Amino acid sequence: MKTRFAPSRRKFLKQSAAIGGGLSVGFNFPGALAQKADGAVEINAWVVIRPDDAIIIRYARSEMGQGSMTSAPMLVAEELECDWRRVKIEYASANASVKRKRAWGDMAAVGSRTIRNSQEYLRKAGATAREMLIAAAAQQWGVPASECSASNSFITHGAGGRRLSFGKVADAAAKLEPPKDVKLKDPKDWKLIGKSVKRIDIPDTVMGKQRFGIDVQLPGMLYAAIAQCPVFGGKVKAIDAAKVEGRRGIVKVLPMESFVAVVADNWWRAKEALRDVHIEWDIGANGNVSSASLMEFYRGGLSAQADVAVSRRDGDFEQAFASAAKKIEADYYTPYLAHSCLEPMGCTAIVKDGKVDVWTSTQNAEASLANAAATAGVPLENVEVHRVQLGGGFGRRGGAQDFVRQGVAIAKAMEGTPVKMLWTREEDTQHDFYRPASLIRIKAGLDESGNPVAWYSRVAATSIFETLARVPLKRPFAPADGVDPQAVASLHDLPHAIPNVRIEYAQRTAHVPVGFWRTVGHSQNPFVRESFMDELASAAGKDSFEYRRALLQKSPKDLGILEATAKAAGWGQPLPAGVFRGIAQTEAYGSYTSAVAELSVDKNGEVNIRRLVLGIDPGYAVNPDNIQAQMQGSSVFMLTAMFWGEITIKEGRVEQSNFHDYRMMRLREMPKVEVVLAPSGGFWGGVGEPGQASIAPAVCNAIFAATGKRVRSLPLKNHGLTLA
């Protein structure tokens, strides 16, 4: 009897799009499916074995250059005791996940949680399959399973010396009941975890064989270009398509509620025709919003008496601050940022006979499936999301599935015909879900010795969770009711030994759409926290490193990575004339990071970063070489953002449109990056996002050391600074 899994679309969408926090998933490693045509046998949802001993490990999340499609299967392979050279990796199907009661759990590649949130059940999947293979071999030999062991894709009977390969017993193993509990290996016995392994996606990427969403080609496919209202929240009022009607290659002009699409026999024709479609927009009430008015709106949050939530309250800040020997106050600002993925947003879809097929670069195949089903009006199990690699994600392709809804809506209007919808770079820049702008007021009181006795921060920013993820800001999800956890990240969890701390959040909901941008709140608030910490050290007349060391004595992980990074950078040793150092330390996504920047600044404001030393303690390091690559990539992303990244608003719309006015870092500007990998064990931290956290404050603190000028807002271009 076939079991039908049909959760409500609302519930499924909410589960699959819960990007910011952890998602609790139960696993029972369901029984195997029928044998495949090539004789391959599924041992459990994660492990498939072929008669020729090839091992297929399924990967549930997305690969966008972060390397998790290699690292996550390594966890399975470690416990499976298979020969890694014989492993092949394939995507798990979101459609099968629906039908199998989410057998693969969370499919979202977001929040640096692929390893840290999946590691236990992935290792258990490998261990479970291993025990089933051992049991099957033991049955065949008529010996106790306790006398047998697995290694390098073989089961061996210790007493008799007999061996069987995994492929020889896979069919029998798949028929066994999975063990209810399995013992995971002690880290000291790991053979694969902790070793640098070549990423499986690199060869095809380097050779141009990789297939991204933009590369999809289907027989009889049409193409669509779209235009959205330039003012966020606006709608289509009327269109006049007379100029393009009957034009060669133009198939249809589709006025949708919030966008207009031109469908043609190739994308260029569709894009060019769209220029000649006259669109009248209903821009709503936001046509006069500007960056200046938004700044005033946020500034009002700093002085507001009502609608302010307290995230953290230790001791009595007011009393301690009032009696402090020295008081320091400052306002810090970080702007809206676009994601600027190399591959712009797009979606290919076909809607036919009540079924939907979707090809798109997505960070969350479950969310794509749910949005496609809702848009087409079909059951979840009637949608197939065909997995492809991503040409960049950085959070843009996670919770905000606008591109999927648009692509499926167009395909639905062209029933039975596959349609590839692709955004222009201008649409991509001007219709993003931006990193929120954030204005922060920060105060500290120092005692006679220069030690901080009181710390206060108030954050005025839009909530990503309430506006995009639509998650209420309530405990236990939020640190306190009414507080967005990302808005106060690295401030709420300030690890320094300061007795009186008060952290507040003033939610300011603007019309600019916001979303998760790589490192999210930890891409902003460490700049504020660690720059201000440097202000305190300077006011106390103390060395920046030693000042932090004294405050982190009760936070051994923070202290450990700070010291390891400073040592690797040679902190305290003489520098060449005109070269200065800055340091910062931040915990993020379960890992502990630190950065030291060495730089010089010339009279023209050109910053020559001679060296960046980035340290990270992720607890356990699954694939060290990949961690190093992630840290290096983080420096490119953050340096680009902090020097040039800024989305500005005029008349309700984004002023920037392409790379000429939304600048990217160039190859010649890349500094030397050294990575200090210091895994201390005992926990599983993230890697893809934490790498950025300490970079901006380290660089800005070095700039202060070089110039005597304190940077309290980004980007640095607004201070007359650029990379040399």
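The structure displayed is predicted, hence computed values, not measured ones. Values below: every heavy atom of this structure, side chains too, minus hydrogens, waters and symmetry copies.
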Checklist entry - Judged by atom type as modelled, is there a donor-acceptor pair below 3.5 Å linking the side chain of Asn623 to the main-chain atoms of Val197? => result yes

Item to check | Close side-chain approach of Tyr59 and Ser68, heavy atoms under 4.5 Å | outcome: yes

Next on the checklist: Strictly distance-based, threshold 3.5 Å: is any side-chain N or O of Tyr592 a donor or acceptor partner for the main-chain N or O of Leu562?
Outcome noted: no

Item to check | Nearest atoms (heavy-atom pairs only) where Leu133 meets Leu80 | outcome: CD1-CD1, 4.0 Å

Next on the checklist: Test your reading of the model: is there a side-chain donor-acceptor pair from Ser591 to the backbone of Gly686, 3.5 Å cut-off?
Outcome noted: yes

Checklist entry - Looking at Asp543 and Arg548, does any basic side-chain N land under 4.0 Å from a carboxylate oxygen? => result no

Item to check | Qualifying residue, where the test is side chain to side chain contact (heavy atoms under 4.5 Å, CB included) with Met69 and the options are Arg61, Gln389, Arg199 | outcome: Gln389

Item to check | Side-chain touch Thr128/Pro179, heavy atoms, less than 4.5 angstrom | outcome: yes

Checklist entry - Any idea how Trp684 and Tyr620 line up, ring-wise: parallel (<30°), tilted (30 to 60°), or perpendicular (>60°)? => result tilted

Next on the checklist: Are Tyr91 and Trp104 an aromatic pair, judged by ring center distance below 6.0 Å?
Outcome noted: no

Item to check | Donor-acceptor contact below 3.5 Å, side chain Asn525 vs main chain His522 | outcome: no

Item to check | Beyond-backbone contact of Val673 with Met631, side-chain heavy atoms, under 4.5 angstrom | outcome: no

Checklist entry - Is it true that a side-chain atom of Asp617 and a backbone atom of Ile561 form a donor plus acceptor pair closer than 3.5 Å? => result no

Next on the checklist: One thing to verify: whether Glu689 and Arg116 come together as a salt bridge, which I'm taking to mean a side-chain N less than 4.0 angstrom from a carboxylate O.
Outcome noted: no

Checklist entry - Roughly how far, to the nearest 0.5 Å, is the OG atom of Ser694 from the CZ atom of Arg529? => result 8.0 Å

Next on the checklist: Donor-acceptor check, side chain of Arg397 to backbone of Gln363, threshold 3.5 angstrom: yes or no?
Outcome noted: no

Checklist entry - Is Arg611 atom CZ crowded by more than 12 heavy atoms from other residues, nucleotides or ligands, each under 6.0 Å away? => result yes

Checklist entry - Rounded to the nearest 0.5 Å, how far does CD1 of Ile55 lie from CZ of Arg86? => result 8.0 Å

Checklist entry - Do Met533 and Leu551 come close enough that some side-chain heavy atom pair is under 4.5 Å? => result yes

Item to check | Minimum heavy-atom distance His339-Gly395, with the two atoms named | outcome: NE2-C, 3.9 Å

Item to check | Test item: Pro178 and Asn44 side chains (from C-beta on) under 4.5 Å apart, heavy atoms | outcome: no

Next on the checklist: If you define the side chain from C-beta out and look only at heavy atoms, does anything of Leu639 sit under 4.5 Å from Ile609?
Outcome noted: yes

Next on the checklist: Is it true that Arg518 and Ser634 share a donor-acceptor pair across their side chains at a distance under 3.5 Å?
Outcome noted: yes

Checklist entry - Is a salt bridge present between Glu79 and Lys124, judged by a nitrogen-to-oxygen distance below 4.0 Å? => result no

Next on the checklist: Evaluate Lys557 against Glu587 for side-chain contact (heavy atoms from CB on, under 4.5 Å), listing each step before the verdict.
Outcome noted: CA-CA 9 Å; Lys557 299 297 183 184; Glu587 59 295 330; over 6 Å; no

Next on the checklist: Under the criterion salt bridge (Lys or Arg N to Asp or Glu O under 4.0 Å), I'd like the reasoning laid out for Glu63 against Arg387: C-alpha separation, chi angles, the key distance, then a yes or no.
Outcome noted: CA-CA 10 Å; Glu63 178 59 54; Arg387 309 298 297 279; over 6 Å; no

Next on the checklist: By the definition side chain to side chain donor-acceptor pair (under 3.5 Å), identify the one residue from Lys185, Lys195, Lys191 that meets it with Glu78.
Outcome noted: Lys185

Checklist entry - Is any side-chain heavy atom of Trp46 closer than 4.5 Å to a side-chain heavy atom of Pro73? => result no

Checklist entry - Is any NZ, NE, NH1 or NH2 atom of the basic residue among Glu598 and Lys672 found under 4.0 Å from an Asp or Glu carboxylate oxygen of the other? => result no

Checklist entry - So how far is it from Ser457 OG to Leu491 CG, rounded to the nearest 0.5 Å? => result 4.5 Å

Next on the checklist: Any side-chain to backbone donor/acceptor pair from Arg581 onto Gly570? Under 3.5 Å, distance only.
Outcome noted: yes

Checklist entry - Is Gln66 reaching over with its side chain to a backbone N or O of Met64, donor-acceptor style, under 3.5 angstrom? => result yes

Checklist entry - Under the 3.5 angstrom rule, does the side chain of Tyr547 hit a backbone N or O of Gly450 as a donor-acceptor pair? => result yes

Checklist outcome for this item: To the nearest 0.5 Å, atom OH of Tyr505 lies from atom CG of Asp484 at 5.0 Å

Checklist entry - Could you go step by step and tell me if Phe154 and Glu81 meet the side-chain contact (heavy atoms from CB on, under 4.5 Å) rule? => result CA-CA 8 Å; Phe154 281 88; Glu81 287 284 3; over 6 Å; no

Item to check | Closest non-hydrogen atom pair, Ser544 against Ile583 | outcome: CB-CG2, 3.9 Å

Next on the checklist: For the OG atom of Ser594 and the CG atom of Leu559, what is their distance to the nearest 0.5 Å?
Outcome noted: 10.5 Å

Checklist outcome for this item: Looking only at heavy atoms, the pair that brings Pro436 and Gly515 closest together is CD-O, 3.9 Å

Checklist outcome for this item: Value for CD1 (Ile43) from CD1 (Ile49), rounded to nearest 0.5 Å, stands at 4.5 Å

Checklist outcome for this item: Closest heavy-atom pair, Pro679 versus Pro618, reported as atoms and distance to 0.1 Å, is CA-CD, 4.0 Å

Checklist entry - How far apart are the C-alpha atoms of Val687 and Ser112, what are their side-chain angles, what is the distance that settles it, and do they pass the side-chain contact (heavy atoms from CB on, under 4.5 Å) test? => result CA-CA 6 Å; Val687 171; Ser112 280; 5.7 Å; no

Next on the checklist: For the residue pair Asp625 / Ser196, report whether a side-chain donor-acceptor contact shorter than 3.5 Å exists.
Outcome noted: no

Item to check | Test side-chain contact (heavy atoms from CB on, under 4.5 Å) applied to Ile695 and Phe637, step by step | outcome: CA-CA 10 Å; Ile695 295 173; Phe637 209 71; over 6 Å; no

Next on the checklist: Quick check against the 3.5 Å criterion: does Arg123 have a side-chain atom that pairs as donor or acceptor with the backbone of Leu184?
Outcome noted: no

Checklist entry - Got Val528 and Val459 here, is their nearest side-chain heavy-atom distance under 4.5 Å? => result no

